[in-house]
Amino acid sequence: MPVARILTGIQSSGRPHLGNLLGAILPAIALSRQGGHESLYFIADLHSLTSIKDAEERRANTRAVAAAWLACGFDAEANTLFVQSHVPEVTELAWYLNCFTPYPMLANAHSFKDKRERLADVNAGLFVYPVLMAADILLYDVNLVPVGKDQVQHLEIAADIARSVNHLYQQEVFVVPEARVDEAVMTIPGLDGQKMSKSYGNTLDVFAPEAELKKRVMSILSDSTPLEDPKNPDTDITARLFALVADPAAVAEMRQQYLAGGYGYGHAKKALLAALLERFGPARQAFDRYMADPAELDRILQRGADKARALAHKRLAVVRGVMGF
Ligand code: ADP
Ligand code: TRP
């Protein structure tokens with residue numbers, strides 16, 4: 001059976017970084033170009049309220065994430081790009097789904113378990129986070145959800161909820177979604193070598209002004225091997241990041257230079273900055289254009305919300321009907 005609908009979301013809890021681009025946005029765009037299906041990609045601004053409370057920050061991040069999708073080449077005309085809160089029906093569905101979600105399923109979710117030691121910091125929104133995510137998916141009759149490994153459990157929860165509703169009402173109220181984890185997508189290291197993540201403050205903001213990007217690249221952690229000594233390109237963070245963004249010939253050359261010695265981390269960082277600017281040059285320009293034209297961004301997101309909403313109304317009508325509302 002050909003895949004009909006693909007959906008994925010990225011929270012607007014920060015500006016999109018290199019890890020988001022290489023790990024989520026670019027692969028999802030490549031998938032959307034394969035044809036034979038429709039892609040719905042959205043900015044999960046409601047989810048970001050579990051952590052971010054500042055309105056201006058959320059607005060700015062929401063726009064930046066939308067601009068990043070478009071700047072990286074997502075075709076929002078052939079597909080759908082929208083903001084989660086522009087289809088508020090998703091919160092109605094989330095309520096219905098809450099009433100079909102067993103407590104232990106949520107108590108076992110990694111997203112909650114990781115924070116269980118500090119319960120005072122856990123708001124109810126964070127606890128039911130996977131249910132809102134299930135609503136995101138089930139509202140739009142989605143078949144396939146491309147996500148990182150960390151989201152697989154959330155997809156299992158969404159599929160479980162869909163199956164239990166279908167079972168109870170003895171009909172296909174929801175399409176049962178499937179996760180698509182791209183094993184080829186690796187974890188992008190951050191400036192300190194841990195996973196690049198907003199929560200660790202170790203990100204490279206690919207769309208930042210050049211001077212800022214340069215400062216970040218220059219602050220990548222390196223060891224104190226003297227300039228003249230050979231260095232390990234497989235463990236050094238700069239070399240690892242370079243290998244992810246530069247073309248293969250340049251990567252092979254840098255490896256040789258690392259192994260030969262006489263090549264310093266400062267050289268490598270300059271090469272990494274140049275590679276980032278080359279690889280993402282057109283996207284950086286497009287990003288700035290979208291950020292400078294809020295009316296155009298709003299027009300695209302409004303169109304996306306209209307398309308998503310039409311699907312949402314159809315599914316919600318069925319749900320209200322079977323549940324007696
Ligand atoms: P963050 O960890 O910065 O908060 P998110 O959890 O919002 O990022 O991730 C959004 C998407 O980007 C997810 O699909 C996630 O798998 C992907 N992603 C985030 N960080 C990385 C990384 N370091 N390497 C690969 N993919 C990543
Ligand atoms: N929880 C996802 C993340 O942090 C974002 C997200 C929200 C999502 N709703 C979704 C992803 C629905 C896929 C489908 O990465």
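Note that ligands are numbered from 1 as they come in the structure, with each ligand's atoms numbered from 1 the same way. This one's a predicted model, so the numbers in the text were calculated from it and none came from an experiment.
Hydrophobic clustering of Ile, Leu, Val, Met, Phe, Trp and Tyr side chains at less than 4.5 Å, counting indirect connections, keeps Leu31 apart from Val181.
Residue Ser197 has at least one nitrogen or oxygen atom sitting less than 3.5 Å from a nitrogen or oxygen atom of ligand 1, judged on distance alone. Here's the thing with Tyr129: one of its N/O atoms is less than 3.5 angstrom from an N/O atom of ligand 2. Annotation: Met196 places an N or O atom under 3.5 Å from an N or O atom of ligand 1; distance criterion only. Among the atoms of His154, none of the N or O lies under 3.5 angstrom from an N or O of ligand 2. Checked by distance only, ligand 1 and Ser13 stay at 3.5 Å or farther apart across all their nitrogen or oxygen atoms.
Residue, atom and distance of the protein heavy atom nearest to atom 4 (O) of ligand 1 are Lys198 CE, 3.0 Å. Among protein heavy atoms, atom 5 (C) of ligand 2 sits closest to Gly9 O, 3.4 Å. At the top of the distance list for atom 9 (O) of ligand 1, counting protein heavy atoms only, stands Asn20 ND2, 3.5 Å. Looking only at protein heavy atoms, the nearest one to atom 3 (C) of ligand 2 is Gln151 NE2, 3.4 Å. In terms of protein heavy-atom proximity, atom 25 (C) of ligand 1 is nearest to Met186 O, 3.5 Å.
A parallel orientation is assigned to the rings of Phe207 and Phe287, their planes being inclined by less than 30° (bins at 30° and 60°). Aromatic ring pairs are classed by plane angle as parallel below 30°, tilted from 30° to 60° and perpendicular above 60°; the pair Phe127 and Tyr103 is tilted.
Residue Asp150 touches ligand 1 through its side chain alone, judged by heavy-atom distances below 4.0 Å. With a 4.0 Å heavy-atom cut-off, ligand 2 is reached by no atom of Leu132.
Using a 4.0 Å cutoff on heavy atoms, Val147 does not count as a contact of ligand 1. The shortest separation from a heavy atom of His17 to ligand 1 is under 4.0 Å, placing the residue in contact. Distances from ligand 1 to the non-hydrogen atoms of Gln151 include no value under 4.0 Å.
Protein heavy atoms come within 4.0 Å of atom 23 (N) of ligand 1. At a distance under 4.0 Å, no protein heavy atom can be found next to atom 15 (C) of ligand 1.
Atom CZ of Arg315 sits in a crowded spot, with more than 12 heavy atoms from other residues, nucleotides or ligands closer than 6.0 Å.
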Q: Given side-chain hydrogen bond (donor to acceptor under 3.5 Å, both in side chains), test Asp234 with Tyr258 step by step and report yes or no.
A: CA-CA 10 Å; Asp234 295 317; Tyr258 263 67; over 6 Å; no
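Look at Asp306 and Arg303 and you find no salt bridge, because none of the NZ, NE, NH1 or NH2 atoms lies under 4.0 Å from a carboxylate O. Ion pairing between Lys215 and Glu212 fails under the 4.0 Å rule for side-chain N and carboxylate O.
Taking the centre and axis of the six-membered ring of Phe82, the NZ or CZ atom of Lys307 falls outside the cone set by 45° and 6.0 Å.
Every atom of ligand 2 with a heavy atom of Phe42 under 4.0 Å away is listed here by number and element: 9 (N), 10 (C), 12 (C). Each of the atoms 7 (C), 9 (N) of ligand 2 lies under 4.0 Å from some heavy atom of His47.
Aromatic ring centres of His86 and Phe42: separated by at least 6.0 Å.
Contact of the Val122 side chain with the Leu119 side chain is registered, since non-hydrogen atoms from C-beta on lie closer than 4.5 Å.
Of the options Leu155, Leu40, Asp136, Asn20, the smallest heavy-atom separation from atom 9 (N) of ligand 2 is shown by Asp136. Selection from Gly148, Ala24, Ser111 by nearest heavy atom to atom 11 (C) of ligand 1 gives Ala24.
Judged by distance alone, with hydrogens and angles left aside, the side-chain atoms of Asn143 form no donor-acceptor pair with the main-chain N or O of Glu178 at under 3.5 Å.
When Gln84, Gln11, Arg58 are each tested for a side chain to side chain donor-acceptor pair (under 3.5 Å) with Ser48, only one passes: Arg58.
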